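All values derive from a computational prediction rather than experimental measurement. In what follows, every chain begins at residue 1, and chains take the letters A, B, ... in the order their sequences are listed.
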Amino acid sequence: MINVFLRNIVRFFFLVLLQVLVLNHVHLFSLYNPFFYLLFIVLLPFETNKLLVLLLGFVLGLSIDIFSNTLGLHTTATVFVAFIRPLVLNLLAPREGYEPGSFPRVHYYGWTWFLRYSFILTLVHALIIYMLEFFNIQELGQILKHSLISTLFTTVLLLISQFFIFRK
Amino acid sequence: MIRAFLQFLEKYQLLIFFLILELIAFSLFLNRHAYQRTRILNSSNVVTGFVFNSYRNITAYLDLKSSNEELVAENIRLYNAHQSDFFQFSQESADPNRFVYLPARVINNSVSHSRNFMTLNKGRLDGVEVEMGVVSPSGAVGVIYSVSDRYSIAISLLNEQFRLSSKIKRNAYFGSLHWNTLDARYAVLEEIPGHVDVQANDTIVTSGYSSIFPEGIPIGLIEEVKLNPGSNFYQLKVKLNPDFQRLDYVYIIQNRDAFEIQTLEKALQND
């Protein structure tokens, strides 16, 4: 239990630093940023208290915002993702439910499940980011285009990340 | 009554907590302009400044080659300009030493938002103040926006709220440069009247009409000439000179006469 707790804290700091130091400067076609830090929310254990997930989403988004000078932008999007995560998990639950002691990872539920799960969360997150970024409904086409490309980018990174988690 | 209310709270606690957090986040977003100036919530605070600076020190050697090339190119340009420009300069009435250059390094920078900022490793203790210009070896890149003791934040030219008074070098017609493209390579020059002779590849430089930048700092080249439909003004697409994704060494420009000029202009506005 303490092990899980500690692992998540380390993961939090690692992902924030990775995002603000490296990934914020990686641009696909010099325009689209990956939001890989979402991996933290994605990997939280199934039974994490929902209120705690919200709070963690808030702290995570705010940390990214303070480092990137985008106050409120990532916070709004990440809190929303934290809120819908239980709903998405319910939607994608296998018939017999999630096994106790398992984690939301490829290792337990397979590639298709993980792809759907992370794609939905990433897409919702990117849509909110770019809606706020453009803040103009007339730019709907641009918003959708940016969101989709950024989502694909992030999802690919999330899938790749699954190769680097060796622990069961 | 109170019990019913408590039951209501318990039943909907998740939704209520979500709405509260979202409300805080969104009001931070709407008021980010005001909050970011407070320094605690931006990338020049002690923690974030330290993180960026340490990382910059570790990775600095990776950029050495391109940084050196850029600095060498700038040296050559200054070297060539020395004879012709310097003498003309000193004959003008304005003091040639009016502008003081302070070297700094970009320790954090963004290009993919609609409002981009960059963090510099010089602060108030080094003499940096709000409203000073920031130029890279290849051109103007921003203006200081917020200062802490050892770090400062500049509003990037790649920020929809930023306007830069600039002119066409060849014929000295001036207009206002602004960025709304979400593309780090291009900006738009407006307010140049349609009768002016403008051609692609004309050089755009700072006008010197603001007290922030000296005259003639390169900005970019005109890439596309278009008349704004419905008005008799050009909408000129400008290819920016500096590579904003790779900013490293920059100069912060202090105008010794800035206070005097601003006081004078303020008096005019008050009349």
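- Heavy atoms closer than 4.5 Å to chain A are found in the side chain of B:Leu30, but not in its backbone.
- Here the straight-line distance linking atom OG of B:Ser146 with atom CG of A:Asn69 works out to 8.5 Å at 0.5 Å rounding.
- Considering only heavy-atom pairs separated by less than 4.5 Å from chain A, the leading option among B:Leu21, B:Leu23, B:Val51 is B:Leu21.
- B:Phe18 touches chain A through backbone and side chain together, each having a heavy atom under 4.5 Å away.
- B:His113 is listed as a side-chain neighbour of A:Glu133, based on a closest heavy-atom distance under 4.5 Å.
- For the pair B:Asn108 and A:His25, the minimum side-chain heavy-atom distance is below 4.5 Å.
- If you measure heavy-atom distances from A:Phe67 to chain B, the contacts under 4.5 Å come from both the backbone and the side chain.
- In this structure, no portion of B:Ser27 lies under 4.5 Å from any heavy atom of chain A.
- Within 6.0 Å of NZ on A:Lys50 lie no more than 12 heavy atoms contributed by other residues, nucleotides or ligands.
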Residues 9-24 of chain A side chain polar contacts: donor-acceptor under 3.5 Å, at least two apart:
from, atom 1, to, atom 2, distance (Å)
A:Arg11, NH1, A:Asn8, OD1, 3.1
A:Gln19, OE1, A:Phe36, N, 3.1
A:Gln19, OE1, A:Tyr37, N, 3.2
A:Gln19, NE2, A:Asn24, OD1, 3.1
A:Gln19, NE2, A:Pro34, O, 3.0
A:Asn24, ND2, A:Ser68, OG, 3.2

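- Both the backbone and the side chain of B:Gln13 come within less than 4.5 Å of a heavy atom of chain A.
- Side-chain contact between B:Arg32 and A:Leu73 is absent, with no heavy-atom pair separated by less than 4.5 Å.
- Contact of the A:Thr75 side chain with the B:Phe26 side chain is not registered, since no non-hydrogen atoms from C-beta on lie closer than 4.5 Å.
- For the set A:Tyr130, A:Phe83, A:Phe134, the entry with the most heavy-atom pairs within less than 4.5 Å of chain B is A:Phe83.
- Residues B:Phe29 and A:Thr70 fail the side-chain proximity criterion, which asks for heavy atoms closer than 4.5 Å.
- The contact between A:Phe135 and chain B is made entirely by side chain atoms (from C-beta outward), counting heavy-atom distances below 4.5 Å.
- The number of heavy-atom neighbours closer than 6.0 Å to CZ of B:Arg246, taken from other residues, nucleotides and ligands shown, is 12 or below.
- A heavy-atom distance below 4.5 Å is found between the side chains of A:Leu62 and B:Leu28.
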Side chains of residues 218-225 of chain B: which donor-acceptor pairs under 3.5 Å do they make with residues two or more places apart or in other chains?
none

